[in-house]
Protein chains: 2
Amino acid sequence: MGMKKIATFNVNSVRSRLHILERWLNDTNIDILCLQETKTEDATFPSEFFHQKGFQVFYCGEKAYNGVAVASKEKPAWVSFGLGDGLLPDGRTRMVHCLFGDDLHLINLYVPQGKALDHPDYEMKLKFFDRLLKYLDKNFTPESKIIVVGDLNVAPTDMDVTNPDNKRNHVCFHEDVKKAFNSLLEWGFVDVFRKHRPGEGEFSFWDYRVKNALERNIGWRIDHLLATKPVAERSKDAYVARELRAWEKPSDHAPVVGKFEL
Amino acid sequence: MGMKKIATFNVNSVRSRLHILERWLNDTNIDILCLQETKTEDATFPSEFFHQKGFQVFYCGEKAYNGVAVASKEKPAWVSFGLGDGLLPDGRTRMVHCLFGDDLHLINLYVPQGKALDHPDYEMKLKFFDRLLKYLDKNFTPESKIIVVGDLNVAPTDMDVTNPDNKRNHVCFHEDVKKAFNSLLEWGFVDVFRKHRPGEGEFSFWDYRVKNALERNIGWRIDHLLATKPVAERSKDAYVARELRAWEKPSDHAPVVGKFEL
DNA sequence: GCGCAGGTGG
DNA sequence: CCACCTGCGC
């Protein structure tokens, strides 16, 4: 089948980022594009844009908050939204799962940020990881071919933030949420991005509020590309398309791209 | 002194229109630019932009509403804001009067829109014309050299709107407000724009809410260029710079430009 | 429809 | 800083 490029991009409103997607997709051949924070209801999702760029697109969003989408050149066998465990919130606007071919699973996530360690949303965030692990247990084994991507709202190691010691009580850097992230690795996922980019300063998010955050490279690596071994073995490269963060009216995130021989 | 170009432009927020002004002023040599609806307090007026474009600039605005400015290549002898009659509102953010040389007066107006025929603002609008006429009586005779420009929020004749019969009860087209406009002509002003452009479809405002208003030319002529006879005799041309209405993120108005041999 | 305001969110 | 919201003005 050849080399496939799979990207994850928190767009911070898909409708406000069409100029960025237009420019990027015109000079970068992406096979599967996973979006988070589309921030729009399905009726107002700009599906026509993706069709014109040669993608099929599947989305589930809500007004102003959350929302995930998968745009794919190849038609998936099926697509489903949410954690499907009967609990609420059901995660429809935070998780989309597609099957490609007959055994390649792609799960695109927008994990709750959590707000504050003592906020109910942080509890929900930790629960989200629990529920995801149960989803994996129920549907797969570590030998399954699974790619998990998305904004996981966790910087898993000290290398993944700029000032780790200032951030020990941050909802994206607290021990508990790092433990939740690591439980994914323990379940059977490889951090595919780190396999190819083990160095310092590899961020995917630079806060709008930090002055010259990109030039000073004050950022976070919270957008991830994980895969079970059978897929991770086929990964050939991974990188952050950080140039997009410097374009006009950017998202605060940049895409993370993985190349897989599939 | 040679040919002078004087323009009136309701910018619908000066700070949101700098890209339009940048592009326009780079390829059009304007001597005096009169702005309305600058929508910004003086502390946040982008005076540096006008300085860089070679203008002196004088402005009086308020947060979110109203606001007038005059940008001039030549330094005026003096500038004053408001109707100066001791009544309230004083009109500081709706009228600016400059003297050029020792006898050329320029009055730039943003007349209240009026909201509805039965709204107190409509009464205020008619009063505004009364107060303006008193201002003229007090300071000038019809032999004075005066240019009056601005968004007068009146379409004076059936030719100046698209569907006159639908608009008889509109605050910019009602008989009473047209009477107020005509009282300016009777006082001693010539409609300089109509002197040069007597034809149909000469509009200066196209409502954002009307689908494809510009292409369909569904608009209003409410931005005006008037002058007393001694100045009107020296007018050589007038036109609407309607191309600006088609640029990215335009104002809902286009500039009206007059050329005068002064 | 597109400015503004103030507010929430990350 | 830059998305979103509601509400207002034209």
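Within every chain, numbering begins at 1; the chains are lettered A, B, ... in the order of the sequence lines, protein sequences first and strands thereafter.
Taking 4.0 angstrom as the limit, S16(B) places none of its side-chain polar atoms (N or O) nearer than this to OP1 or OP2 of dG3(C).
Near DNA chain D, defined here as any heavy-atom distance below 4.0 Å, there are no residues from residues 171-183 of chain B. Of the residues in residues 242-249 of chain B, those with a non-hydrogen atom less than 4.0 angstrom from any atom of DNA chain C are K249(B).
The separation between N66(A) atom CG and dG9(C) atom C1' is 11 Å, rounded to whole Å. Atom P of nucleotide dG3(C) and atom CZ of F205(B) are separated by 13 Å, given to the nearest angstrom. Rounding to whole angstrom units, CE of residue M124(A) and P of dG9(C) are separated by 12 Å. Distance CG (N12(B)) to C1' (dA5(C)): 14 Å, rounded to an integer number of Å. Residue R209(A) contributes atom CZ, which lies 8 Å from atom C1' of dG9(C) at whole-angstrom precision. Atom P of nucleotide dG9(C) and atom CG of N153(A) are separated by 15 Å, given to the nearest angstrom. Look at OH on Y65(B): it is 19 Å from P on dC2(C), rounded to the nearest Å. Distance CD (E62(B)) to C1' (dA5(C)): 13 Å, rounded to an integer number of Å.
In this structure, the side chain of S204(A) engages the main chain of D223(A) through a donor-acceptor pair within 3.5 Å. Listed for the R92(B) side chain is no donor-acceptor partner under 3.5 Å among the backbone atoms of G82(B). For H224(B) (side chain) and L226(B) (main-chain N/O), no donor-acceptor pair under 3.5 Å exists by modelled atom type.
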- Applying side-chain contact (heavy atoms from CB on, under 4.5 Å), run through I107(A) and M95(A) and close with a yes or a no. CA-CA 7 Å; I107(A) 295 175; M95(A) 170 172 162; 4.2 Å; yes
- Item | Chi angles and distances behind the side-chain contact (heavy atoms from CB on, under 4.5 Å) call for I30(A), F9(A) | CA-CA 12 Å; I30(A) 298 293; F9(A) 186 18; over 6 Å; no
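Along DNA chain D, the nucleotide nearest to Y208(B) and the one nearest to P250(A) differ in position, and the one closer to the 5' end is contacted by P250(A). The nearest heavy atom of DNA chain C to S13(B) and to Q113(A) marks one nucleotide each, and the one closer to the 5' end goes with S13(B). Along DNA chain D, the nucleotide nearest Y110(B) and the nucleotide nearest S251(A) are compared for position; the residue whose nucleotide lies closer to the 5' end is S251(A).
Relative to the six-membered ring of Y122(A), K115(A) misses at least one condition, a distance below 6.0 Å or an angle of at most 45° to the axis. A cation-pi arrangement is not found for K125(A) relative to F129(A), the charged atom failing to lie both closer than 6.0 Å to the ring centre and inside a 45° cone about the ring normal.
Heavy-atom contacts of chain B under 4.0 Å fall on DNA chain D between two terminal nucleotides, which in 5' to 3' order are dG9(D) to dC10(D).
Heavy-atom neighbours of E248(B) CD from other residues, nucleotides or ligands within 6.0 Å: at or below the threshold of 12.
When D151(A), D158(A), D160(A) are each tested for a salt bridge (Lys or Arg N to Asp or Glu O under 4.0 Å) with R221(A), only one passes: D160(A).
Using a 4.0 Å heavy-atom criterion, one finds that R15(A) contacts no nucleic acid atom at all.
Residues F81(A) and F58(A) keep their aromatic ring centres 6.0 Å or farther apart.
Using a 4.5 Å cut-off on side-chain heavy atoms (C-beta onward), S251(B) and I20(B) make no contact.
Note that OG1 of T8(A) and NE2 of H253(A) are 9.5 Å apart. Values are rounded to the nearest 0.5 Å.
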